[in-house]
Amino acid sequence: MSPLYTALLCTFLPLAAALVLVLVSPLRRAGLAAGLFSVATALIAFGGAVTLLLERWSGAATPVRETVRWLPHAGLGGGAHARAVIELGVQIDGISATMLVVVTAVAACVQIFSLGYMAGEPKPDFGRYFTWQSLFLFSMNSLVVAPNLLQLFLGWELVGLVSYLLIGYWWSKPSAARAAMKAFWMTKLADMGLILALLVLFVDTGSFDWTVTTSAAGAVTLLLFFAVMGKSAQFPLHVWLPDAMEGPTPVSALLHAATMVAAGVFLVVRAFPLFEQAPTTGLVMAYVGAFTALFAAVIAVVQTDIKKVLAYSTCSQLGYMVAALGAGSQVGGFFHLTTHACFKALLFLAAGSIIHGVHSNELSHMGGLWSRMRVTSVAFLVGALALAGVPGLAGFFSKDLILEHVLERGLWAPLGALLVAAFLTAFYMGRVTLVALFGRPSAHAEHAHEGGVSLLAPLVVLAVPAAGVGWLGAKLSGLYAAPVHFHLSPVGMVATGLALAGLGLAYWMFGAPQGGGRLRAAFAPIGRLARSGAVNARFAWGYGVLGGVSSIFAWFDRYVIDGLMNGLGYATLALGARLRGLQTGRAQDYVYVLVAAMLGVGAYGAFWSR
Amino acid sequence: MSPAVRAVFELAPYLAALAAGALLPRRSGWAERAALGLTAALALALVRGLWPGAAPAPAPSPALEWPHLLNVIVFLPLVGAAAILFLPRQSPTLLRRFTLGILVLDLVASLFLLRASPERGWHFQFIADWLPSFGIRYHVAIDGISLWLVLLTTFTTPIAAFVSFGSLKTRVKDLCFSFLLLQGGMLGAFVALDLFLFYVFWELMLVPMLLLIGVWGGVERIKAAYKFFLYTMAGSVLMLAAILYLVWSHREVAGYLTFDYLALSRLVLPKTAAWLCFGAFLLAFAIKVPMFPLHTWLPDAHVQAPTGGSILLAAVLLKLGTYGYLRFCMGMFGGPAWGAAATLASVAIFGGILYGALCAWKQDDIKRLVAYSSVAHLGFVMLGLFAGTRAGVEGAILVMINHGIATGALFLLVGVIYDRRHTRMVREFGGLARPMPIYTAVFVLVTMASIGVPGTNGFVGEFMVILGTFTSMTLGSNAQMQGVAAAFGVILAAVYMLSVVQKVFFGPVTNPKNAHLPDLSARETIALAPLVALIFVLGLFPRILTDRMHDSVDAVLERYREGRLAHQELPEHATTARLRDRRGGPLERGYPKSPEEREAEAAKLAAATAPASAPAAQGAPQ
């Protein structure tokens with residue numbers, strides 16, 4: 001099969017699955033059958049994606065780009081834009097092939113995991129869940145294979161919609177419904193940047209391609225970056241991501257850790273030719289990314305909900321990617337995206353398995369799981385060490401690459417922030433691991449036990465790349481850029497040292513029962529700050545102001561504007577009532593007026609009109 | 001391959017769609033299944049029939065344009081309305097079936113309009129003298145713009161009538177009469193190219209709408225009906241005065257009376273007069289649209305109107321305002337329209353898109369909320385028109401059609417819970433997704449269309465309007481800022497629509513009265529199915545609409561530009577009007593002839609027939 005058809009299969013098969021599940025309600029309501037159906041299509045899509053990647057791996061294939069006209073002549077009425085068309089299509093090259101594999105692999109694992117994790121749901125809801133999973137896979141793939149920014153935007157909006165549906169999966173819980181809405185609003189706000197970037201680009205060049213040279217690169221890329229901040233949860237637009245943990249845990253793994261939130265980073269990787277034209281934007285990105293990495297890592301340290309820890313950790317790691325791209329390292333950003341997708345999906349699924357066993361998200365309800373849930377614990381440990389950047393595991397390679405690039409650029413402040421973040425990352429992952437797996441078992445954790453094979457198989461499968469994908473870095477980067485040669489650099493050694501120190505500190509504080517009590521107290525203010533949610537409060541404030549303005553407008557409209565119009569009506573009535581008095585009905589009055597008018601007209605004619 | 005086999009192959013996709021639509025959904029009644037299947041097959045036919053092929057389609061000859069088609073479309077409902085008067089009041093079923101039959105027949109007839117070629121110019125033109133002594137003619141025609149509005153009308157009216165027959169059981173005869181009369185009036189206004197004729201239809205549709213609100217409306221229906229009527233009348237009377245002034249000016253210059261659009265749009269009035277006439281037309285249309293601050297009749301009218309009335313009000317009647325601005329204000333007063341565009345665009349953005357959206361957010365009545373969302377959406381339409389770029393105008397037309405479909409569906413959906421609970425207050429509901437899952441799914445879907453999520457029809461139009469605004473020369477240096485402000489409106493749409501969805505459908509069931517509400521009935525499903533199908537069809541294949549409107553939009557914009565130039569070339573203190581040059585071509589087909597031309601033509605005809613008949617007469621005896 002030609003690469004084009006393979007790519008189309010990867011994209012549209014999940015859509016077909018979603019449509020079938022929507023329309024054939026017996027299948028949807030059958031529960032498990034719907035899940036298996038969806039999993040089967042996801043696996044086929046994964047197979048197709050692997051084929052595409054292998055073709056590129058062997059070095060034989062050239063990039064594929066096919067488009068169809070969607071809206072011809074969307075011209076602006078003349079000039080260079082008269083013949084502009086809006087196209088949709090498929091572009092397969094190293095970047096999209098790699099991303100397709102990442103997306104479909106994680107999606108397939110998550111769907112298989114969900115078969116077990118969601119088994120307790122009512123059957124129709126189970127079917128609904130898988131319908132949306134398939135829809136998500138379609139949306140994400142159409143974003144990944146997009147040949148231009150417009151199609152990327154279409155996919156971008158669709159994944160936002162599916163994210164809304166999946167976060168609000170337990171819609172009868174008010175907090176879930178609110179979180180879904182908040183996520184939709186926040187990303188929609190950020191999407192405005194993308195719309196405007198598209199417009200500026202189109203006006204300037206008459207095209208939505210990312211390969212064009214534009215004089216407005218600064219504006220375009222800054223607007224694009226605003227959208228990235230929303231989707232990839234960069235400070236201060238990150239506030240929706242922790243709330244999004246209201247969704248089922250597999251959803252968090254797929255959408256809010258591995259793939260959808262990485263779409264922002266993917267956008268920058270894709271539109272890198274544009275970003276290269278705007279050095280200032282790069283600087284902004286480096287600082288914002290590094291600050292987010294640090295800020296989110298600090299908050300992650302004090303979270304008590306295992307999913308919240310991982311959510312803030314995702315923010316922090318996305319900050320790493322953004323900082324890398326800002327420092328001009330396409331490879332660093334994208335490679336970290338790849339490795340992060342593997343170990344963060346693994347971590348979330350392992351956390352899901354733990355939550356499934358313990359029936360709680362709270363760290364304090366866990367403990368001692370190492371002996372009760374051995375497979376899950378090993379998987380979680382692999383993920384945590386990979387994230388912490390222990391040498392040899394995936395995170396180590398990509399983090400090292402990023403730090404090297406940031407150092408090369410001489411971005412000292414971001415470098416410092418990223419190094420501290422690396423230390424904190426190791427520290428909070430050590431803390432979670434030690435508390436959850438090796439801590440004193442709580443009452444909840446007493447009866448924890450492993451779930452079925454569908455819960456464990458994805459963990460085992462994902463643990464392999466989480467541990468080993470780093471070794472493929474040189475080859476993978478060669479698919480779309482000059483191959484990177486990994487070597488242990490001084491800054492990498494510093495980072496590794498910091499990571500090990502972080503793990504050590506975590507062990508000192510949480511490994512031993514009474515260790516580090518005073519230091520623990522030192523973290524309390526940060527905890528309070530994080531929980532009070534200073535940024536969140538700003539947005540709540542903005543929301544309140546907007547709501548207040550809205551209420552005032554609604555009142556104004558009803559009573560002032562409408563009141564004026566009604567007043568006009570009443571005034572007319574009143575005037576009529578008053579004027580009615582003139583029509584007395586007495587002949588004498590009419591004769592008076594008649595005579596007076598005749599005299600008046602006569603006088604006018606006689607004296608003034610000459 | 002024998003024709004029979006080929007026919008089977010060609011029919012197979014439609015049959016498959018029919019079967020899929022009929023068999024797949026979990027519905028019970030056979031009527032419902034049949035209707036759903038039919039919807040699926042029709043949606044497929046629409047896409048396949050309209051999909052522009054790779055090769056240019058053979059240009060249909062004018063012979064395909066049956067000249068009486070528009071007459072049939074416009075007068076079928078009017079004649080039907082007259083016929084209703086002679087049907088017995090005691091048999092409501094007969095009345096309903098008759099009305100629906102007429103409306104569906106009209107829909108089928110209007111589909112033949114699609115045979116018109118997409119080239120510029122007037123299609124299906126029909127001209128007859130009506131009151132020759134005043135120069136009033138019966139002149140109807142469509143172009144690529146009014147085509148879609150006519151189809152929107154013939155498409156939504158049957159749905160609105162069908163829904164109303166489900167919930168309104170009193171005075172069925174009057175109801176049927178109102179619907180048919182309303183349909184005739186709306187269609188006539190969209191196709192009329194004679195200003196007198198346009199005015200007649202414009203006023204004609206007020207009466208049945210007044211009845212719909214005033215007779216079958218809510219508690220304060222009389223007040224709302226009066227408000228609607230007086231508001232609209234106030235605007236249109238001034239428009240009548242402006243029309244008369246135009247006709248008089250035209251006679252001063254050209255020497256004969258005519259009310260024809262083609263002739264009057266050549267008129268270049270002195271500046272003050274042009275501004276006053278433009279103002280009068282603008283007022284009439286701005287009230288109808290409605291634009292801030294003349295919009296307050298709309299929420300009242302919607303809240304009081306029955307569901308069917310609301311659907312038509314939102315889907316079609318408001319579009320007459322925007323269509324009128326596009327056709328008459330931009331076509332006849334290019335200068336003032338150009339001059340006022342920047343200011344009016346700000347009104348459309350801040351008073352319509354943003355203010356309307358913020359007002360919508362805090363409404364406690366769902367119908368009021370949807371009404372304010374209409375104000376916001378029509379702000380987008382007007383913005384696209386004011387921008388005066390091709391993308392802007394095409395986007396505006398797309399938003400018109402899409403708003404008709406999505407908001408029509410929203411009003412229908414609100415009517416569904418009103419029928420069950422007799423309240424529309426947001427606080428009365430909560431957790432409706434539990435008892436009414438299908439209803440919830442459809443509501444969320446239509447909400448997404450209303451917000452403008454890609455893949456649904458709402459997206460393309462708004463995107464093109466913002467694009468058109470962004471690049472507009474008309475709006476001057478502020479155009480880009482205005483584009484940004486309009487883009488904010490898209491977010492606000494998500495804010496107010498999603499918060500109402502959350503409050504009404506999600507969370508636990510708070511009110512025990514809602515715990516056992518029945519889901520969508522057969523009638524409601526059948527009414528919603530075509531709307532939902534179109535949401536996707538137009539969202540995925542916007543070319544269906546745009547390919548047929550390119551040339552007409554270009555023609556409108558050309559006329560707009562020429563009007564502006566002529567206006568600017570006029571000396572500042574000119575006191576007399578003048579006429580622009582004739583442009584000829586298909587756009588002036590059917591131009592009214594002056595009496596001299598008529599006489600000359602009659603003489604020529606007589607001269608041509610006389611010699612021809614003379615030899616024949618001579619030859620016969622031989």
Side-chain angles (χ1 to χ4, degrees), chain A residues 22-26 29 69-78 81 124 153-158 160-161 164-165 168 171-174 176-178 180-181 184-185 188-189 191-192 195-196 198-200 202-203 546-547 549-558 561-566 569, chain B residues 20 24-26 227 230-231 292-297 299-300 355 358-359 361-363 372 389-391 394 431 433-434 437 448 451 453-455 459-460 463-464 466-468 470-471 480 483-484 487-488 490-491 494-496 498-499 501-502 505-509 542-543 546-547 550 554 557:
Chain A
V22 167
L23 291 175
V24 188
S25 54
R29 287 161 173 274
R69 293 175 159 205
W70 186 49
L71 257 186
H73 305 296
L76 311 173
H81 306 124
F153 171 70
L154 299 182
W156 181 279
E157 289 280 285
L158 282 180
L161 169 65
Y164 167 78
L165 294 172
W171 46 260
S172 54
K173 239 170 64 185
R178 257 201 309 279
M181 196 163 69
F184 197 88
W185 288 351
K188 195 85 186 169
L189 174 69
D191 291 353
M192 211 185 77
I195 292 195
L196 294 176
L198 285 176
L199 294 181
V200 175
F202 190 72
V203 170
L546 198 62
V549 168
S550 171
S551 299
I552 293 170
F553 276 2
W555 179 88
F556 178 80
D557 199 65
R558 190 149 197 176
I561 294 189
D562 199 29
L564 277 178
M565 293 301 170
N566 283 340
Chain B
L24 293 181
R26 257 169 39 100
K227 200 166 179 173
L230 287 179
Y231 239 119
F292 179 86
L294 304 169
H295 63 281
T296 51
W297 64 268
D300 284 350
Y355 177 85
L358 283 174
C359 283
W361 190 12
K362 293 291 164 178
Q363 297 303 325
Y372 275 106
T389 50
R390 190 191 201 184
E394 284 190 8
R434 183 67 66 201
M448 291 303 158
I451 295 175
V453 171
F459 167 71
V460 188
F463 184 75
M464 284 176 74
I466 297 175
L467 183 69
F470 219 69
T471 55
Q480 307 211 334
V484 173
F488 259 109
V490 180
I491 304 173
V495 169
Y496 64 76
L498 286 187
S499 44
V501 164
Q502 189 222 340
F505 294 102
F506 300 148
V509 181
R543 282 180 74 177
T546 55
D547 276 9
H550 283 314
D554 277 351
L557 288 177

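Heavy-atom basis, side chains included; hydrogens, waters and symmetry copies ignored. All values reported here derive from a predicted model rather than from experimental measurement. Proteins come first, then strands; the chains are lettered A, B, ... in the order of their sequence lines, and each starts at number 1.
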**Request:** Looking only at non-hydrogen atoms, find the nearest pair between Q502(B) and P174(A) and report the distance.
**Result:** NE2-O, 4.2 Å
**Message:** Just so I know, are the side chains of F556(A) and Y355(B) near enough to count as touching, which here means a heavy-atom distance under 4.5 Å?
**Reply:** yes
**Request:** Output, in order, the C-alpha distance, side-chain angles, deciding distance and verdict of side chain to side chain contact (heavy atoms under 4.5 Å, CB included) for W185(A) and I491(B).
**Result:** CA-CA 7 Å; W185(A) 288 351; I491(B) 304 173; 5.9 Å; no
**Fill in**
When the 4.5 angstrom heavy-atom criterion is applied to I561(A) and chain B, the contacting part is both
**Message:** Is any side-chain heavy atom of H295(B) closer than 4.5 Å to one of D562(A)?
**Reply:** no
**Request:** Evaluate the side-chain proximity of F184(A) to V453(B): yes if any heavy-atom separation is below 4.5 Å, no if none is.
**Result:** yes
**Message:** Quick check: F459(B) with F153(A) (ring centres under 6.0 Å apart)?
**Reply:** yes
**Request:** Give the member of N566(A), L198(A), V549(A) that has the highest number of heavy-atom pairs under 4.5 Å with chain B.
**Result:** N566(A)
**Message:** Which one wins on heavy-atom pair count under 4.5 Å against chain A: F506(B), W361(B), F463(B)?
**Reply:** W361(B)
**Asked** Under a 4.5 Å heavy-atom cutoff, which of V200(A), L199(A), L154(A) has the most pairs with chain B?
**Response** L199(A)
**Item:** Test item: T296(B) and R558(A) side chains (from C-beta on) under 4.5 Å apart, heavy atoms
**Value:** no
**Stepwise side chain to side chain contact (heavy atoms under 4.5 Å, CB included) test for M448(B) and L161(A)** = CA-CA 9 Å; M448(B) 291 303 158; L161(A) 169 65; 3.3 Å; yes
**Item:** Region of Y164(A) that comes under 4.5 Å of a non-hydrogen atom in chain B
**Value:** side chain
**Heavy-atom pair with the smallest gap, counting every atom of M181(A) and S499(B)** = SD-CA, 3.5 Å
**Item:** Distance-minimising heavy-atom pair for R434(B) and W171(A)
**Value:** N-CH2, 3.5 Å
**Prompt:** Is the shortest heavy-atom distance from the side chain of P437(B) to the side chain of P124(A) under 4.5 Å?
**Reply:** no
**Prompt:** Heavy-atom distance under 4.5 Å to chain A: side chain of I466(B), backbone, both or neither?
**Reply:** both
**Item:** Lys/Arg N to Asp/Glu carboxylate O, D557(A) vs K362(B), below 4.0 Å
**Value:** no
**Pairs of heavy atoms under 4.5 Å with chain B: top-ranked of V22(A), L564(A), L196(A), D191(A)** = L196(A)
**Any M192(A) side-chain heavy atom under 4.5 Å of V490(B) side chain** = no
**Complete:** Assert top hit (heavy-atom pairs under 4.5 Å, partner chain A, pool F292(B), F488(B), F505(B), Y496(B)) equals F488(B)
**Among the listed options L230(B), V501(B), V495(B), the residue most often paired with chain A at heavy-atom distances under 4.5 Å** = V495(B)
**Fill in**
Cut-off 4.5 Å, heavy atoms of chain A, and the answer for V509(B) is neither
**Prompt:** For chain B, which of G168(A), G160(A), A177(A) has the most heavy-atom pairs under 4.5 Å?
**Reply:** A177(A)
**Asked** Side chain, backbone, both or neither: which part of L498(B) has a heavy atom under 4.5 Å from chain A?
**Response** both
